[in-house]
2 protein chains.
Amino acid sequence: MALAGKTKQDIVSEFRRAEILAVARTVFAAKGFNDATVDEIAQAAGIAKGTVYSYYTSKREIYLAALLEGHADLRARTRVAMEEASGIHAKLHAFIKLRLQYAEDNRDFIRIYHAEFGNLTNGAASDGQVQEVYLEQARYLESVLRDAIAAGEIRATHPEPLAFLIYDMVRSVLTQRTLGWSKNTMEDDLNLLSNLIWNGVAPR
Amino acid sequence: MALAGKTKQDIVSEFRRAEILAVARTVFAAKGFNDATVDEIAQAAGIAKGTVYSYYTSKREIYLAALLEGHADLRARTRVAMEEASGIHAKLHAFIKLRLQYAEDNRDFIRIYHAEFGNLTNGAASDGQVQEVYLEQARYLESVLRDAIAAGEIRATHPEPLAFLIYDMVRSVLTQRTLGWSKNTMEDDLNLLSNLIWNGVAPR
DNA sequence: CTGTAAAATGACCGAACAGTCATTTTATGG
DNA sequence: CCATAAAATGACTGTTCGGTCATTTTACAG
């Protein structure tokens with residue numbers, strides 16, 4: 001029973017936690033951390049506030065769970081997508097494509113993610129845990145870029161800032177799409193981004 | 001006296017308003033809108049809370065003033081710098097350079113600016129005024145890019161998303177520098193950015 | 001020096017809200 | 001069907017803080 005060291009209670013409990021998280025993401029996405037209230041989350045989940053506090057110990061804990069759990073999923077999918085692709089050009093293309101698609105499918109999460117990682121100097125990001133997660137993410141892309149530079153697949157530049165830049169370029173496009181400022185199809189935005197990163201703006 | 005339709009009181013009043021704004025920027029930069037308190041701003045300015053409220057009618061008004069006044073300055077300088085440069089390559093270089101330098105010289109403001117424009121879906125940015133300012137900014141760069149495309153100075157791409165992207169690429173580097181994550185000199189970061197936008201990452 | 005208006009003050013008010021806990025409801029297993 | 005424990009509830013508490021305003025201080029004109 002080592003595999004299932006979980007009682008029936010544990011399983012139910014885990015399910016409730018997940019339910020609350022899903023609802024919380026919607027509320028936090030719509031209002032931001034400060035303007036969302038725990039009462040609101042409870043109501044949206046159809047339970048009483050006290051019940052929320054028997055699954056999470058604080059508002060912040062709920063928020064961090066919503067952020068970090070979603071992030072872990074995105075991170076895992078990102079790695080798979082990049083490892084499946086071969087060659088740096090394809091890897092970068094896969095990276096962008098996955099994230100554009102993920103944002104389409106997980107709008108609430110992506111709002112929280114951008115609110116947090118878009119503003120690392122305030123908010124939950126002052127939390128060391130969150131900054132660490134952010135850095136870890138960048139370091140993975142950085143290592144991929146470093147390999148590509150070593151293999152002569154791309155021009156030699158500093159891979160660290162480049163990794164951050166690529167994240168932020170994707171974020172930029174996602175923000176535009178989220179706000180309805182992009183008239184392009186996802187495909188168009190994907191190609192635009194991929195192409196810009198690869199070729200820049202210089203005339204051919 | 002049309003030029004100086006200002007009484008002595010008006011001038012003093014304007015000076016006090018500016019004093020409060022300067023202090024407010026420091027406090028908002030350090031704590032963010034929600035965690036900063038009006039009492040704190042007042043204390044830092046060496047005045048009582050009530051006095052603050054005789055110059056501004058709300059906390060939000062102070063914040064917006066700090067943001068928009070700083071933005072107007074940055075906007076004006078950005079235009080001058082770009083108009084002085086000739087050719088799109090030089091214009092873009094000037095754009096990046098100016099903003100890197102401005103961030104160095106106005107750290108508090110830039111934190112507020114990034115906190116707000118980095119997270120357009122929550123916070124003050126839900127405010128239509130702020131979004132409009134942001135869009136206006138992008139449209140100027142967009143028009144410059146459009147001209148360059150028409151003149152064949154750069155490859156033909158959609159100038160709208162490109163304008164946003166360039167803003168966000170600069171922001172990305174500024175964030176890294178603000179957090180002390182960049183080991184590069186300003187000059188290095190400037191060249192990296194300028195070069196990436198112009199040439200992409202493809203091997204020569 | 002004095003009277004008056006403007007400016008500054010900070011105690012105070014009320015609303016919002018995170019978090020608690022005594023009470024009630026539900027589930028379980030004998 | 002009952003006894004008991006677990007889960008859910010929501011009224012309540014304490015605190016924080018934006019904004020107000022009666023009172024005090026300062027500035028200044030005559």
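Letters go in sequence order (proteins before strands), and every chain restarts at 1. This is a predicted model, so every value here is computed, not measured.
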Would you tell me whether A/R107 and A/T178 have side-chain atoms, one donor and one acceptor, within less than 3.5 Å of each other? no

In whole Å, what is the span from the CD1 atom of A/I62 to the P atom of C/dC17? 15 Å

Check: B/N199/B/N195 side-chain N/O donor and acceptor closer than 3.5 Å: yes

Expressed as a whole number of angstroms, how long is the span from A/Y63:OH to C/dA18:P? 14 Å

Write down the distance between CD1 (B/I20) and P (C/dA7), rounded to a whole number of angstrom. 13 Å

What does A/A36 touch in the nucleic acid at a heavy-atom separation under 4.0 angstrom: a base, only the sugar-phosphate, or nothing? sugar-phosphate

Please report the distance, rounded to the nearest Å, between OH in B/Y53 and P in D/dC21. 13 Å

Of D/dG19, D/dT9, D/dC17, the nucleotide closest to the side chain of B/T37 is D/dC17

Nucleotide nearest A/K59 when distance is taken to its side chain, options D/dG19, C/dA18, D/dT9: C/dA18

Consider the side chain of A/Y55, meaning its heavy atoms from C-beta on, and name the nucleotide among D/dT20, C/dA18, D/dA8 that approaches it most closely. D/dA8

Of the listed nucleotides C/dA18, D/dT9, C/dG10, the one nearest the side chain of B/A48: C/dG10

In whole Å, what is the span from the CD atom of A/Q43 to the P atom of D/dG10? 10 Å

Take atom CG of A/N34 and atom C1' of D/dT16, then tell me their distance rounded to the nearest Å. 13 Å

More than 12 heavy atoms from other groups under 6.0 Å of NZ on B/K97: no

Would you mind reading off the distance between B/D35 atom CG and D/dT16 atom P, rounded to a whole angstrom? 13 Å

Touch class at under 4.0 angstrom, heavy-atom based, for A/S58 against every strand present: sugar-phosphate

Strictly distance-based, threshold 3.5 Å: is any side-chain N or O of A/Y167 a donor or acceptor partner for the main-chain N or O of A/Q137? yes

Is there a donor N/O on one and an acceptor N/O on the other, under 3.5 Å, for the side chain of B/K49 and the base of D/dG18? yes

Measure from the side-chain heavy atoms of A/S54 and tell me the nearest of C/dC17, D/dA8, C/dA8. D/dA8

C/dT25 P sits how many Å from A/I47 CD1, rounded? 18 Å

What do you reckon, is CD of A/Q43 surrounded by more than 12 foreign heavy atoms closer than 6.0 Å? no

Counting only side-chain nitrogens and oxygens, does B/R16 get under 4.0 Å of the OP1 or OP2 atom of C/dA8? yes

